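First the structure, in the form of structure tokens, and then the observations on it.
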Amino acid sequence: MKRKNAKIGWIGLLAGAMLIGCTAGDRSSSSQSTITIGGSSEAYPMLELLADAYDRENVEIVFMSSSQSSGGLSGVRDNILDIGAISIPVTAIEKTENLQYIPLVRNAVVLIVNEQVQGLDTLNTEAVQNIYRGGITNWKELGDIDGDIILVDIPEDETEKQLLREHYLGQDLTITPQAVLFEDDDEIVEAVSITPYSIGLIAYSEELEDFSVKSLALDGVAPTLENIQNEQYKMVQTIGIVALDQLKPTTEDFLNFISTPEAQSILESNGYILADPKF
């Protein structure tokens, strides 16, 4: 099995979809089968783990450029993607659209700070609100660190931002105009890693350990596996996948693999909490 990342935008995807009829004959003559995955970037690390473990000859798993959950849903609906990665709840309406939904893991959303923010391990709700509204602009207002706070923010329609508002910010808080907005998770963690005294919001993954950042506890509750399982840590999202009810054999085989004990063990051994132990 081969896996590759395809840095192709949605315009390219749509163009490719228009050419399906023209290339069908070429594809049928090829011995290589392709599974195309796209959508929410939060799901990519775990799906890449599963793709690497999926040992099938002449099967190529292609990861399109990550977007959002809406892109995963629309890509599957429009037959552009075989599998859509999502980090939002599936509505009752979407469940009636000939889609099947498989929840994979429950994952923490965390506030991370640059490594120069030393001696500070937790923020309370009031401090989080003041940082985001611009009421606190220097870390010395919260401890012994003297450095101007650089807020790395994300769009309001991102699941992580919605969770932050639900549990800490509230819906009416106005974000400081000094915040620096980024669209992509990779950009966020890189920005916080290289920007002294910065803070940002991101879905947790073990890849964070490769950067010069640390995650904070909130109101004294750290985003540990135990605190996620016992629901003490509040900002948790369910990450899963969607596909059409009627699947091509290659995609169906990969989804069957995802539900095996082997695949579940891979996720658990990499620090993920299964959303449903029976998935």
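As the structure is a prediction and not an experimental result, all values here were calculated from the model.
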Exercise: identify the closest heavy-atom pair between P223 and A217: CD-CA, 4.4 Å
From CG (L169) to OH (Y132), nearest 0.5 Å: 6.5 Å
Close side-chain approach of L216 to T122, heavy-atom, < 4.5 Å: no
V59 versus T250, closest heavy-atom pair with distance: CG1-CG2, 3.8 Å
Main-chain N/O of I145 paired with Q118 side-chain donor or acceptor, under 3.5 Å: no
Spatial distance of atom CG (D146) from atom NZ (K140) [nearest 0.5 Å]: 5.0 Å
Rounded distance (nearest 0.5 Å) linking atom CG of N114 with atom OG of S198: 4.5 Å
Side-chain heavy-atom pair F254, D82 within 4.5 angstrom cut-off: no
Side-chain donor/acceptor of T251 to backbone N/O of L247, under 3.5 Å: no
Flag for T125-D219: side-chain donor and acceptor within less than 3.5 Å: yes
More than 12 heavy atoms from other groups under 6.0 Å of NZ on K248: yes
Sidechain-backbone polar pair: S269 side chain, S265 backbone, donor-acceptor under 3.5 Å: yes
Single-linkage hydrophobic cluster V213~I194, side-chain heavy atoms < 4.5 angstrom: no
Over 12 foreign heavy atoms within 6.0 Å of CD, E268: yes
Residues R106, E231; criterion side chain to side chain contact (heavy atoms under 4.5 Å, CB included); working and verdict: CA-CA 11 Å; R106 297 170 64 219; E231 299 183 351; 4.0 Å; yes
Heavy-atom neighbours of N230 CG exceed 12 at 6.0 Å: yes
Y233 vs T224 side-chain heavy atoms within contact, under 4.5 Å: no
Ignoring hydrogens and angles, write down the donor-acceptor pairs under 3.5 Å from the side chains of residues 148-160, residues two or more places apart or on other chains.
| unit_1 | atom_1 | unit_2 | atom_2 | d |
| --- | --- | --- | --- | --- |
| D148 | OD1 | N138 | ND2 | 3.1 |
| D153 | OD1 | K161 | NZ | 3.0 |
| D153 | OD2 | K161 | NZ | 3.0 |
| E156 | OE1 | R165 | NE | 2.7 |
| E156 | OE2 | K161 | NZ | 2.9 |
| E156 | OE2 | R165 | NH2 | 3.1 |
| E158 | OE2 | Q68 | NE2 | 3.0 |
| T159 | OG1 | S87 | O | 3.3 |

Full working for side chain to side chain contact (heavy atoms under 4.5 Å, CB included) between T137 and T176: CA-CA 10 Å; T137 59; T176 172; over 6 Å; no
Y44 to G38 - nearest heavy-atom pair and separation: OH-CA, 3.2 Å
Minimal non-hydrogen separation, Y204 against N107, with atom names: O-ND2, 2.8 Å
Separation between CD of Q162 and CD of Q237, rounded to the nearest 0.5 Å: 10.0 Å
Linked, directly or transitively: L111 and L181 (ILVMFWY side chains, under 4.5 Å): no
Any side-chain heavy-atom pair of I35 and I83 under 4.5 Å: yes
Within-4.5 Å side-chain heavy-atom neighbours: L201 and V110: no
From CA spacing to verdict: side chain to side chain contact (heavy atoms under 4.5 Å, CB included), L208, I202: CA-CA 10 Å; L208 290 179; I202 194 168; 4.2 Å; yes
Close side-chain approach of L244 to N79, heavy-atom, < 4.5 Å: yes
Least distance between heavy atoms, N227 atom then A222 atom: ND2-O, 2.9 Å
Hydrophobic cluster identity match, V221 and V128, side-chain contacts under 4.5 Å: yes
Name of the residue among N130, L142, I136 meeting side-chain contact (heavy atoms from CB on, under 4.5 Å) with L123: L142
Atom pair CD (Q264) and CG (L50), whose distance is rounded to the nearest 0.5 Å: 10.0 Å
Point-to-point distance, once rounded to the nearest 0.5 Å, from CD1 of I273 to CD of E226: 10.0 Å
Contact summary for Y197 and W139, nearest pair of heavy atoms: O-NE1, 2.9 Å
Contact list for residues 250-260, test salt bridge (Lys or Arg N to Asp or Glu O under 4.0 Å), sequence neighbours left out: R56-D253
Criterion side chain to side chain contact (heavy atoms under 4.5 Å, CB included) on I241 and L255, from CA distance to verdict: CA-CA 10 Å; I241 55 177; L255 293 187; 3.5 Å; yes
Side chain proximity check, R133 to I175, heavy atoms < 4.5 angstrom: no
4.5 Å side-chain heavy-atom contact, Y168 and L173: no
Contacts of E42 that satisfy side chain to side chain donor-acceptor pair (under 3.5 Å) - sequence neighbours left out: S40
